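Worksheet for the structure shown next.
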Number of protein chains: 2
Amino acid sequence: MEQQNVYDGYAYMNNVPWALIRSFLAVVEAGSLSAAARELEVSQPTLSRNIQLLESQTRLNLFKRTSQGLMLTEEGKVLVESAQQMKSASETFVRQVSGLSTELKGEIRISANEIVGIYLLPAAIAAFRKRHPAVQIEIVISNRASNLNKREADIALRMFRPTQPDLVARRLTDMPLGFYAHQSYLDEYGTPESFDDFKLHTLIGFDQNRDFIDGAGAMGYAFSNDDFELRTDNLILQIQLARQGCGIVGTHVALANECPELKRVLEWAPIPALEFWVVCHADSQYNARIRAFKAHVIDWFADDPYRGLGLRNTLH
Amino acid sequence: MEQQNVYDGYAYMNNVPWALIRSFLAVVEAGSLSAAARELEVSQPTLSRNIQLLESQTRLNLFKRTSQGLMLTEEGKVLVESAQQMKSASETFVRQVSGLSTELKGEIRISANEIVGIYLLPAAIAAFRKRHPAVQIEIVISNRASNLNKREADIALRMFRPTQPDLVARRLTDMPLGFYAHQSYLDEYGTPESFDDFKLHTLIGFDQNRDFIDGAGAMGYAFSNDDFELRTDNLILQIQLARQGCGIVGTHVALANECPELKRVLEWAPIPALEFWVVCHADSQYNARIRAFKAHVIDWFADDPYRGLGLRNTLH
DNA sequence: CTATGGTTATCCATATAAGGATATGGAACA
DNA sequence: TGTTCCATATCCTTATATGGATAACCATAG
């Protein structure tokens, strides 16, 4: 300490290891190295060296050593407040970690259409339950918008942005769509070359659901229910009909790719991808289970909406 | 990651090493382990392990690994803010360290009376100048209160609390006083047994300065200038007179102890110790030199106002 | 006055963490 | 397609920090 010379080496540390600041504050608050060592669950020699290191790196006499502990110097006092702010922030960090990693239990209801519910959700749910085995999950398969306001579900996976203001939605990666038909169908009825040709073909479409008609309308193509000769709101059934050569279906590219017998038609057509949203009620944001599952879904489907869709999940 | 099991070991860390949080934030801000490693000046494997450690200790998947870096998960996002607060506080800490350890230069004027200036200040100044060699120090010896308002001095060491409101004062450890006389004087004139006996003795006192008279008056003893047959405002001269057997002097116990020929009288008397104050103008608080010297003085004289008063500093 | 219980600093064997080299994988691009 | 570049994770050696034991110091109590 006496040989401390302001000239030997000069760069004042601007990269003080945070552990040293933590040690500093612990000693300040505990009043002695020994007490601080017990507090931090390290040994007293470690703290002694940490303080020496901090003092040499800062070139400050932070403490006055006595036989009863370490007393802050005037210079040391200046640094206490910022160190306390660090500690306070670190406690917030740890508190939030605990909140995030708490073992959740209880039940959540998830609403999704057939495609998502049957082909995409299972893998996501399996991963979620590894982290939170005590959370029971009920899946409501529905291609109608389950009414989150009436708590028919806690979380919904939807293909459109919800309009109700008290719902919180987050868009996931869009799902590309395409038109497909069985090779045998094309052999028999020809391959459409434009949307106008659709009028001459058997289209597989929705019954009540008007999403396709409205979407096509927005793109300038007028379709009506009558243009669809095979109608069902069950998305999987639509695909199965196409696989049997009944007609042309618009469906997920990723799903159709799992069925080699389906051939894509109008591949050049600019069909907008299907949006993919996860939605929950605004109040649910404060429910740990729901928040955790929503976060999980966002991460899970972050860059591949078809994650987990593999050989084991084909349509066979 | 897949074998992560919520049951094997369960205690969630509440003692997360701060270095891990620092690594976490660095990766968040840099976007990749490699970039963060460059930022923190550590190696990439170190950061990789730090993040793995943090994830295992928190049991959270904080990042999603891609070939372009690490992407925060939803859970990780929650923790960013508190980590940033830690960083911000640490930057404040470092900034204040720099402020404190900056090489100061310039000049400061210190005012002190003879005793303090000649016997106590030199050691304190020597220590200060080891840390700040570029600070020039002018010492104004004066037992009158130097007028800090008129900037006759930047810092004053005084024996009383200043009354001006725009001065900032800090009390140091009091200095015990006692009455002393040379043995030869006591042999010739006898030893006083009470303050009343002082009327029969030769007292060495102040000329202009009324501190002693006022202080004694406050204790119920009425003295006037006429009671002092030897008067000087120079404190050292007072002692030297006593050492020559001229009379009785009231002075610092610590100083008189350095003169073996001086014998204490009225040792039982409850003489209040002399206060010891360091004072500067309120505006000077923002002057780094002055603030640093004041802090140094406070630490230096923290528990021993006579620190540095040794054999080399005796009155001989 | 000595004994005790507290403190800090130092020594040294050891456990821990760091970094260099490397394998690997994906993205961008010619 | 193949090359290049930039990522991460792992291996293994080396460097670093840790903790137990200890000595010295001081305050306090018996």
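Note on naming: letters A, B, ... go to the chains in the order of the sequence lines (proteins, then strands), and numbering restarts at 1 for each one. Note that the coordinates shown come from a computational prediction; the quantities given were computed from them, not determined experimentally.
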Would you give a per-nucleotide map of nucleotides 20-30 of chain D, 5' to 3', where B means the base has a protein non-hydrogen atom under 4.0 Å away, S means only the sugar-phosphate does, and - means neither?
-> BB----SS---

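- Using a cut-off of 4.0 Å between Lys/Arg side-chain N and Asp/Glu carboxylate O, Lys294(A) and Glu75(B) are scored as not salt-bridged.
- When only modelled atom types and interatomic distance are considered, His252(B) and Tyr306(B) share a side-chain donor-acceptor pair under 3.5 Å.
- Taking atom CD of Gln52(A) as the reference point, atom P of dA17(D) lies 13 Å away to the nearest angstrom.
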Using a 3.5 Å cut-off and no angle test, enumerate the donor-acceptor pairs between side-chain atoms of residues 170-179 of chain B and protein atoms at least two apart in sequence or in another chain.
{"residue": "Arg170(B)", "atom": "NH1", "partner": "Glu74(A)", "partner atom": "OE1", "Å": "3.3"}
{"residue": "Arg170(B)", "atom": "NH2", "partner": "Glu74(A)", "partner atom": "OE2", "Å": "2.6"}
{"residue": "Arg171(B)", "atom": "NE", "partner": "Asp174(B)", "partner atom": "OD1", "Å": "3.1"}
{"residue": "Arg171(B)", "atom": "NH2", "partner": "Asp174(B)", "partner atom": "OD1", "Å": "3.2"}
{"residue": "Arg171(B)", "atom": "NH2", "partner": "Asp174(B)", "partner atom": "OD2", "Å": "2.8"}
{"residue": "Arg171(B)", "atom": "NH2", "partner": "Glu275(B)", "partner atom": "OE2", "Å": "3.3"}
{"residue": "Thr173(B)", "atom": "OG1", "partner": "Ala302(B)", "partner atom": "O", "Å": "2.7"}

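- Listed in residue order, the members of residues 30-40 of chain B having a heavy atom less than 4.0 Å from DNA chain C come to none.
- At distances below 3.5 Å, at least one donor-acceptor pair connects side-chain atoms of Thr73(B) with backbone N or O atoms of Asn61(B).
- Among residues two or more places apart in sequence or in another chain, the side-chain contact (heavy atoms from CB on, under 4.5 Å) test is passed with Val78(B) by Gln96(A), Leu100(A).
- In this structure, Gln85(A) contributes its side chain and Thr92(B) its backbone to no donor-acceptor pair below 3.5 Å.
- The aromatic rings of Phe24(A) and Phe63(A) are tilted relative to each other, their planes meeting at an angle between 30° and 60°.
- Atom pair Arg65(B):CZ and dT10(D):C1' shows a separation of 14 Å (rounding to whole Å applied).
- Scanning DNA chain C 5' to 3' for nucleotides with an atom closer than 4.0 angstrom to a non-hydrogen atom of chain B gives a first and last hit of dA18(C) to dA27(C).
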Tabulate below the donor-acceptor pairs under 3.5 Å that side-chain atoms of residues 25-34 of chain B make, not counting sequence neighbours, or state none.
{"residue": "Glu29(B)", "atom": "OE1", "partner": "Lys87(B)", "partner atom": "NZ", "Å": "2.9"}
{"residue": "Ser32(B)", "atom": "OG", "partner": "Ala35(B)", "partner atom": "N", "Å": "3.0"}

When you look at Arg65(B) and Glu55(B), which way does the salt bridge (Lys or Arg N to Asp or Glu O under 4.0 Å) test go after all the steps?
-> CA-CA 13 Å; Arg65(B) 269 75 168 173; Glu55(B) 288 186 314; 2.8 Å; yes

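- Side-chain atoms of Ser23(B) do not come within 3.5 Å of backbone N or O of Ile51(B) as any donor-acceptor pair.
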